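Just so it is clear, the values below take in all heavy atoms, side chains as well, and ignore hydrogens, waters and symmetry mates. Predicted, not measured: the structure shown is a model, and the values here were computed from it.
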Amino acid sequence: MFTRTVDGHGAVQTLEVKLISFAVWGIFYLGVLAIEWKKEKSIKDIVMENICYD
């Protein structure tokens with residue numbers, strides 16, 4: 001991502017554009033990580049409830 005000088009649309013990749021692009025990808029992956037973490041936590045809670053009531 002940081003080595004290319006021109007993207008697929010022909011836009012010149014300046015340092016500012018590269019940092020914005022990197023920030024957007026970082027926010028996206030942090031969102032995915034948060035969703036996965038929440039999902040795993042809720043699955044553990046459900047499993048613990050089932051173990052406690054069995």
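Here Glu16 pairs with nothing under the salt bridge (Lys or Arg N to Asp or Glu O under 4.0 Å) rule; sequence neighbours left out. In this structure Lys38 satisfies the salt bridge (Lys or Arg N to Asp or Glu O under 4.0 Å) test with no other residue, sequence neighbours excluded. For Tyr29, the side-chain contact (heavy atoms from CB on, under 4.5 Å) partners two or more places apart in sequence, or in a different chain, are Trp25.
To the nearest 0.5 Å, atom CG of residue Leu33 and atom CZ of residue Phe28 are 11.5 Å apart. In this structure, OG1 on Thr14 lies 7.5 Å from CD1 on Ile20, to the nearest 0.5 angstrom.
Under the 4.5 Å side-chain heavy-atom criterion for ILVMFWY residues, no single connected hydrophobic cluster contains both Ile27 and Phe22.
A 4.5 Å side-chain heavy-atom check between Thr5 and Gln13 finds every atom pair outside the cut-off.
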